Structures are given as structure tokens and as C-alpha cells.
Enquirer: 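Please find one structure pasted underneath; my questions will follow.
Just so we're clear, the structure is a prediction, and the values are computed from it rather than from any experiment.
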Amino acid sequence: RLEKLDRCLRTFCETHRGKLDYEIIVSLDGGPHAEETKSIAEKYSAKFVHLKENSGCGYANNAGILAASAQSDLVAVVNDDVWFEEASCVRLCEILCSNPRIGIVGARLLYPDGLVQHAGLDARILHIGRGLPGNHPLACESRDVVAVTSALMVFSKRLLSQTRGFDTRYRMG
């Protein structure tokens, strides 16, 4: 997914440069394209972590976070198929820092056609707003949810250390 990774990093840097102090870690969980992935990471001054075999997203996320040298307590986990049209991580960090009771903040994700893919999960474990227009009030309001998408989430390293990191038994989906 080299093209997706390149688009993810390019759009993140374009939208967040000068608005957020950040360090980018690219964690490759196995796969045959290590050199190409490393080259893309270097293009955006990102640190590259290559895990020799696919051990699941929990393990890869933990490895990437451990490789970070940034002093910030905030961590954003972003999948390679996410791209940014605005500096949304700035807003996610502001929300997280606004209230010590908030442990994790997730993003509203839109499909390429502008419809909602994900805006959190409700108590019935249903996607809030799925299929609605991206600007629908239900998809745009901040709220407490049961879960957020791991495609784009922000949380504190402190919280992660209290929970001993991502569960490495969790593979995907």
C-alpha cells in the first residue's frame, strides 16, 4: 500500500506543518516492501520501524510508539489509508487536553464520496452516522462513545502505559 502511505504522510505534513509539533513513526508489520516503505518514510523525515514478520496491529502500534523520541505525552495512531484535508489532529489533541476524564479521541472518517464511514460506536456497537453526509450534525458533534476507530485516534502515552499498551493478541478487524 505504498501509494496510500505516501498520500497519508504527504497530506498529514501539508495540513499539520506549523500547526502541531509532531514526530512521525512508520511501523511496517512484515511485508515484502521494506526498502520502498523506508524510502517513503525518509521522504517525510519519519522514523522507520521494520518488524520482520506480521505480528498484528497491536504489536506494530506498540513498537512504533516505543520508537518515538518526542517528549509529548500525546500519541496519534493513523492507518496508511487515511488522508488529511485539514489539520484534524490539532482539534483531536485540543479535545483530549481539554478534559482529564477523556482517555482517547477518535476522528470522523469519511469515504471518498464524502459520506460518513465512522464517527464512533454507540452502546449497541453500531457505527454512528454511517452513510450520512459528512456534514450531518449527528456525524459532526463531539460525544462520549463506546469505541473509536483505530484508523485515526489520539490518546496519551500515560494512558497507554497504564493499560500496558495495545493488546498484541488483537490482529485486525
Enquirer: Side chains of Trp83 and Phe12, heavy atoms from C-beta outward: is any pair under 4.5 Å?
Expert: no

Enquirer: Where do Thr37 and Phe48 come nearest, in terms of heavy atoms and distance?
Expert: CG2-CE1, 3.5 Å

Enquirer: I'd like to check Asn62 versus Thr168 (side-chain heavy atoms, cut-off strictly below 4.5 Å). Are they in contact?
Expert: yes

Enquirer: Indicate the atoms forming the closest heavy-atom contact of Phe84 with His16, along with that distance.
Expert: CD2-CE1, 3.7 Å

Enquirer: For Lys4 and Asp80, what are the C-alpha separation, side-chain angles and deciding distance, and is it a salt bridge (Lys or Arg N to Asp or Glu O under 4.0 Å)?
Expert: CA-CA 6 Å; Lys4 289 182 179 185; Asp80 63 356; over 6 Å; no

Enquirer: Between the side chain of Lys157 and the main-chain N/O of Ser72, is any donor-acceptor distance below 3.5 Å?
Expert: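 Judged by distance alone, yes, a pair lies under 3.5 Å.
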
Enquirer: Output a table of donor-acceptor pairs, distance under 3.5 Å, between side-chain atoms of residues 144-152 and any protein atom two or more places apart or on a different chain; print 'none' if there are none.
Expert:
{"unit_1": "Thr149", "atom_1": "OG1", "unit_2": "Ala151", "atom_2": "N", "d": "3.1"}

Enquirer: Do Met153 and Val78 sit in one hydrophobic cluster, given that two such residues count as connected whenever their side-chain heavy atoms are within less than 4.5 Å of each other, even indirectly?
Expert: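 In one cluster: no.
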
Enquirer: Kindly indicate, with the supporting measurements, whether the criterion salt bridge (Lys or Arg N to Asp or Glu O under 4.0 Å) is fulfilled by Arg91 and Glu94.
Expert: CA-CA 5 Å; Arg91 180 69 182 129; Glu94 290 170 350; 3.6 Å; yes

Enquirer: For the pair Asp6 and Tyr44, evaluate side chain to side chain donor-acceptor pair (under 3.5 Å) and give the outcome as yes or no after the intermediate values.
Expert: CA-CA 9 Å; Asp6 188 74; Tyr44 297 99; 3.1 Å; yes

Enquirer: Ignoring hydrogens and angles, tell me if any N or O in the side chain of Asp29 forms a donor-acceptor pair with the backbone of Ala60 under 3.5 Å.
Expert: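 Checked: no pair found.
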
Enquirer: Are Tyr22 and Ile65 joined in one hydrophobic group, where the rule is that I, L, V, M, F, W and Y side chains link up if heavy atoms are under 4.5 Å apart?
Expert: no

Enquirer: Other residues, nucleotides and ligands only: do more than 12 of their heavy atoms fall within 6.0 Å of CD on Glu3?
Expert: no

Enquirer: In this structure, are over 12 heavy atoms from other groups packed under 6.0 Å from Arg143 atom CZ?
Expert: yes

Enquirer: Tell me, with the steps shown, if Val105 and Cys93 meet side chain to side chain contact (heavy atoms under 4.5 Å, CB included).
Expert: CA-CA 8 Å; Val105 179; Cys93 291; over 6 Å; no

Enquirer: Nearest heavy-atom pair of Asn79 and Cys8: which atoms, and what distance?
Expert: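 Scanning both residues completely, I find the closest heavy atoms to be O-SG, 3.7 Å.
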
Enquirer: Quick one: closest heavy-atom pair of Val26 and Leu5, and the distance?
Expert: CG1-CD2, 4.1 Å

Enquirer: Gln117 and side chain to side chain contact (heavy atoms under 4.5 Å, CB included): which single residue from His127, Arg130, Arg108 fits?
Expert: Arg130

Enquirer: Same cluster or not: are Val90 and Leu109 linked, directly or through other Ile, Leu, Val, Met, Phe, Trp or Tyr residues, by side-chain heavy atoms under 4.5 angstrom apart?
Expert: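 They do share one cluster, since a chain of ILVMFWY contacts under 4.5 Å joins Val90 to Leu109.
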
Enquirer: Considering non-hydrogen atoms only, spot the tightest contact between His50 and Gly30 and give its length.
Expert: NE2-O, 4.4 Å

Enquirer: Any non-hydrogen side-chain atom of Val154 less than 4.5 Å from a side-chain atom of Ile104?
Expert: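 No. Closest side-chain heavy atoms not under 4.5 Å.
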
Enquirer: Tell me the closest heavy-atom pair linking Val77 and Phe166, and the distance in Å.
Expert: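 Closest pair (atom of Val77, atom of Phe166, distance): CG2-CZ, 4.1 Å.
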
Enquirer: Between Arg7 and Asp81, is the closest basic N to carboxylate O distance under 4.0 Å?
Expert: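 No, Asp81 and Arg7 are not salt-bridged.
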
Enquirer: Heavy-atom distance under 4.5 Å between the side chains of Ile25 and Lys47, does that happen here?
Expert: yes

Enquirer: Say whether, by atom type as modelled, one donor and one acceptor occur between the side chain of Glu86 and the main chain of Thr15 under 3.5 angstrom.
Expert: no

Enquirer: Measuring only between side-chain heavy atoms, which start at C-beta, is Leu74 closer than 4.5 Å to Phe155?
Expert: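 The answer is no, as the side chains (C-beta and beyond) never meet within the 4.5 Å cut-off.
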
Enquirer: Please assess Thr11 against Glu85 for the test side chain to side chain donor-acceptor pair (under 3.5 Å), listing each intermediate value before the final yes or no.
Expert: CA-CA 7 Å; Thr11 60; Glu85 295 179 350; over 6 Å; no

Enquirer: Would you call Ile95 and Ser142 a side-chain contact if the rule is heavy atoms closer than 4.5 Å?
Expert: yes

Enquirer: Would you sort out whether Val49 and Leu51 count as a side chain to side chain contact (heavy atoms under 4.5 Å, CB included), showing the intermediate values?
Expert: CA-CA 6 Å; Val49 175; Leu51 306 170; 4.2 Å; yes

Enquirer: Decide if atom CG of Asp21 counts as having more than 12 heavy atoms of other residues, nucleotides or ligands within a radius under 6.0 Å.
Expert: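 No, the 6.0 Å shell around CG holds no more than 12 heavy atoms from other groups.
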
Enquirer: What is the distance from atom CD1 of Ile102 to atom OG of Ser98, rounded to the nearest 0.5 Å?
Expert: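 Taking CD1 in Ile102 and OG in Ser98, the distance rounds to 4.5 Å.
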
Enquirer: Salt-bridge test for Asp73 and Arg158: reply yes if a basic N is under 4.0 Å from a carboxylate O, no otherwise.
Expert: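 Yes.
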
Enquirer: Show, in sequence, the C-alpha distance, side-chain angles and deciding distance for Leu132 and Leu138, and conclude whether the side chain to side chain contact (heavy atoms under 4.5 Å, CB included) test is met.
Expert: CA-CA 9 Å; Leu132 292 174; Leu138 184 64; 3.8 Å; yes

Enquirer: Decide yes or no for Leu121 and Ile128: does some side-chain heavy atom of the first lie under 4.5 Å from some side-chain heavy atom of the second?
Expert: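 Contact flag for Leu121/Ile128 side chains = no.
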
Enquirer: Can you check whether Val75 reaches Leu160 side chain to side chain, under 4.5 Å on heavy atoms?
Expert: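 A side-chain contact is absent here, since even the closest heavy-atom pair is not under 4.5 Å.
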
